[in-house]
Amino acid sequence: QVQLVESGGGLVQPGGSLRLSCAASGFTSSYYWMYWVRQAPGKERETVAAISWSGLSTYYADSVKGRFTISRDNAKNTVYLQMNSLKPEDTAVYYCATGAKFSRAGSDYDYWGQGTQVTVSS
């Protein structure tokens with residue numbers, strides 16, 4: 001049974017940092033692209049970052065470029081999202097997802113986690 005479990009969300013002040021983790025089980029995540037996707041109330045789902053199975057290729061949405069860093073540890077079947085210089089507009093539920101090929105469309109992803117809430121507020 002494939003499982004993706006996110007952790008690390010919470011409440012942080014503007015300008016602060018958070019590190020999200022996604023632990024994968026039930027499949028060999030090493031051979032898949034891993035994604036972080038967010039959805040805020042009333043807004044469309046947005047893929048904010050992606051990383052290839054080797055870690056050599058990454059993608060960032062313009063909205064987070066220079067502030068967020070995606071990484072993975074295949075030995076631990078875990079992907080991370082380091083979020084720095086957080087803004088109130090980063091407030092959303094953040095989901096981990098995976099797919100065999102690169103795509104910016106969430107409809108192409110095979111498996112999803114349950115999500116973790118990130119709230120940026122003073």
Side-chain angles (χ1 to χ4, degrees):
Q1 180 182 358
V2 175
Q3 272 195 315
L4 299 174
V5 180
E6 302 96 335
S7 60
L11 173 65
V12 63
Q13 292 187 342
S17 298
L18 280 176
R19 188 194 196 204
L20 305 183
S21 298
C22 172
S25 61
F27 72 109
T28 304
S29 66
S30 303
Y31 300 102
Y32 287 77
W33 279 81
M34 299 297 294
Y35 301 89
W36 285 100
V37 183
R38 69 185 181 186
Q39 187 157 27
K43 294 189 177 180
E44 290 190 357
R45 187 170 58 187
E46 178 187 25
T47 295
V48 296
I51 188 167
S52 64
W53 69 269
S54 66
L56 295 179
S57 296
T58 57
Y59 161 82
Y60 295 97
D62 288 343
S63 57
V64 305
K65 203 170 290 183
R67 299 187 298 121
F68 290 12
T69 303
I70 190 171
S71 61
R72 67 190 297 167
D73 184 338
N74 287 340
K76 296 182 179 179
N77 260 11
T78 301
V79 63
Y80 305 97
L81 186 68
Q82 178 66 43
M83 305 185 295
N84 298 329
S85 303
L86 282 161
K87 305 175 182 180
E89 51 263 43
D90 294 318
T91 295
V93 177
Y94 283 72
Y95 298 90
C96 174
T98 186
K101 298 179 181 179
F102 175 73
S103 173
R104 285 188 286 266
S107 57
D108 291 332
Y109 305 158
D110 299 318
Y111 302 104
W112 292 76
Q114 83 288 349
T116 185
Q117 177 71 45
V118 171
T119 302
V120 185
S121 175
S122 55

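Since this is a predicted model, take the numbers as computed values, not measurements.
- For residues 36-69, no residue pair satisfies the disulfide (SG to SG under 2.5 Å) rule, not counting sequence neighbours.
- In this structure, Leu20 and Gly9 approach most closely via the heavy-atom pair CD2-N, 3.6 Å.
- Between the CE atom in Met34 and the CG atom in Asn74 there is a gap of 9.0 Å [rounded to 0.5 Å].
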(Q) One pair to check against side chain to side chain contact (heavy atoms under 4.5 Å, CB included): Val118 and Met83. What are the steps and the verdict? (A) CA-CA 10 Å; Val118 171; Met83 305 185 295; 3.9 Å; yes

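- Here disulfide (SG to SG under 2.5 Å) pairs that include residues 60-122, with residues two or more places apart or in two chains, are Cys22-Cys96.
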Q) Where do Ile70 and Tyr60 land on the side chain to side chain contact (heavy atoms under 4.5 Å, CB included) test, with the steps shown first? A) CA-CA 9 Å; Ile70 190 171; Tyr60 295 97; 3.4 Å; yes

Q: Apply salt bridge (Lys or Arg N to Asp or Glu O under 4.0 Å) to Asp62 and Lys65, showing your working.
A: CA-CA 5 Å; Asp62 288 343; Lys65 203 170 290 183; 3.1 Å; yes

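- Closest non-hydrogen pair, Pro14 versus Ser121, comes out as CD-C, 3.6 Å.
- The ring pair (Phe, Tyr, Trp, His ring centres under 6.0 Å) pairs that include a residue from residues 73-105 are Trp33-Phe102, Tyr59-Phe102, where partners are two or more places apart or lie in different chains.
- Nearest heavy-atom pair across Thr58 and Gly55 is CG2-O, 4.4 Å.
- Rounding to the nearest 0.5 Å gives a distance of 9.5 Å between CZ of Arg19 and OG of Ser7.
- In terms of heavy-atom proximity, Gln82 sits nearest to Ser17 at NE2-CB, 4.0 Å.
- Not counting sequence neighbours, the partners of Val12 by the side chain to side chain contact (heavy atoms under 4.5 Å, CB included) test are Leu18, Leu86, Val120.
- A pairwise comparison of heavy atoms in Gln117 and Thr91 identifies NE2-CG2, 4.0 Å as the closest pair.
- Looking at Glu6, its side chain does come within 3.5 Å of a backbone N or O of Gly115 through a donor-acceptor pair.
- Using a 4.5 Å cut-off between side-chain heavy atoms of Ile, Leu, Val, Met, Phe, Trp and Tyr, with links allowed through other members, Val2 and Val79 fall into the same hydrophobic cluster.
- A donor-acceptor pair is defined here as one N or O able to donate and one able to accept, closer than 3.5 Å; no such pair exists between the side chain of Gln39 and the backbone of Ala92.
- Note: Asp90 CG to Thr119 OG1 = 11.0 Å, rounded to the nearest 0.5 Å.
- In terms of the side chain to side chain contact (heavy atoms under 4.5 Å, CB included) criterion, residue partners of Glu46 (sequence neighbours excluded) are, by chain and number, Arg38, Val48, Ala61, Ser63.
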What pairs of donor and acceptor atoms, side-chain ones from residues 106-113 against any protein atom, are under 3.5 angstrom apart with sequence neighbours left out?
unit_1	atom_1	unit_2	atom_2	d
Asp108	OD2	Ser103	OG	2.6
Tyr109	OH	Thr47	OG1	2.9
Tyr109	OH	Ser103	O	2.7

